[in-house]
Amino acid sequence: MSSETPDQLHFETRCVHGGVHKDQQYNSVTTPIYPTSTFYWNSLETHSGYDYTRSSNPTRKALEENIAALEGGAGCVATSTGMSAIHCAMALFSPGDHIIAPADLYGGTFRLFERFLKEKGLQFTFVDMTHIDRVAAAFQPHTKAVWIETPSNPLLKVIDIAAVTALARAHHATSICDNTFLSPYLQRPLEFGVDIVVHSTTKYINGHSDVVGGCVVSASADTAKRIAWICNALGLACSPFDAWLVLRGVKTLGCRMEAQQSSALRIARFLECHPLVERVYYPGLESHPQHALACQQQKGFGAMLAFDVRDGRPVAERVCMNSKLFDVAESLGGIESLISFPTTMSHASMTPEARAAAGITEKTVRISVGLEHPQDLINDLAQAFSS
Ligand SMILES: *Cc1c(COP(=O)(O)O)cnc(C)c1O
């Protein structure tokens, strides 16, 4: 259970009630979907507060208020995908600006930075942010932002959010954290001084693998206003239908995360003892190099884990292809458990050298632990190893 100050509702309560304004007309308990592009005006000067759905929509507004309350932000915009949320935050910067980002960044973010924004004149330095001295050394006079993503994908490296944010602040740079892997239930970067949090709500916040979406949460009202302006100007917002699905998903975020991470720890311990497993990457294990830091800044260890198998690719392939409850698929954070092979799937766009530098090899297998009974998942992995 999360601990809260007495004047604040608990996290689980905010998941259920955040942003949900009861419908006054028919007394529906849930937020209605408002599938309308436009809203009529009461006079030539006044309207309901909504005029056009690209700018704002009541269903989307409910989701935005909910997530802002969960992250503890001053405002939120809900976008069409995680990538549009990231693009929205990056639109704060201009040609010539320099941005520091982690070397093992989410593949889609790396592509946006390295192959798109770089061409538009932004500059990037990618560093292993588990070494704070390397982050400190990467600052330049025109550094305008530091991008944080923790824990990383797929090897669950943990970055010290408070330390990186303090460096950013000292250099008058904006700090932005992709909090997709843990969700606000397990980690709230704004509490460590981060200026902006982004999510792929496709993952844990929605949690049911049935919609793609994203959001940008700002710590200050000024930033929130600027982000909302960008979101409207670039047309990045999500549809009322998608907002409604994510709002339905987020209501169970606390209990899903709790159950999924408790299963992940059991699976990690099972894998640690398995003779065909060389190494397990899970911040909840005492053997994880940043276990102490994870205990400090996270309220739990999440439901993503990776492991290296002995004997390389044939064993990795055997486990992936013979598991019956784990679908072989990209993505994560849903109630269905998924298994993947980063080399040919999520990290295929990296060069072999870049993968090797990041520590991703043909022995590496990644798991997103779902809501199935953990013993069934362990039994399934055991039979997959031995088949
Ligand atoms: C999936 C993901 C994204 C991109 O989100 P989409 O909804 O697929 O656009 C960004 N960051 C992280 C960490 C992700 O896992």
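Order of appearance sets the numbers: ligands from 1, and atoms from 1 within every ligand.
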N57 (side chain) donor-acceptor with P240 (main chain) under 3.5 angstrom: no

Check for me whether the distance between the ring centres of [X] and [Y] falls short of 6.0 Å.
X: Y34; Y: Y50; value: no
X: F124; Y: W147; value: no
X: H274; Y: F385; value: yes

For [atom], what is the nearest protein heavy atom, given as residue, atom name and distance?
atom: atom 11 (N) of ligand 1; answer: D178 OD2, 2.7 Å
atom: atom 6 (P) of ligand 1; answer: G82 N, 3.4 Å
atom: atom 4 (C) of ligand 1; answer: Y106 CE2, 3.4 Å
atom: atom 9 (O) of ligand 1; answer: M83 N, 2.9 Å

Return yes or no for this condition: an N or O of [X] is under 3.5 Å from an N or O of ligand 1.
X: L332; result: no
X: S200; result: yes
X: K203; result: yes

Heavy-atom gap G213 to ligand 1 smaller than 4.0 Å: yes

Candidate list L271, L156, I267, test side-chain contact (heavy atoms from CB on, under 4.5 Å), partner V280, passing option: L271

Heavy-atom neighbours of E286 CD exceed 12 at 6.0 Å: yes

Verdict with supporting geometry, I67 and I205, side chain to side chain contact (heavy atoms under 4.5 Å, CB included): CA-CA 9 Å; I67 299 176; I205 288 183; 4.2 Å; yes

Contact atoms of ligand 1, heavy-atom distance to T202 under 4.0 Å: 7 (O)

Part of I86 with heavy atoms under 4.0 Å of ligand 1, whether side chain, backbone, both or neither: side chain

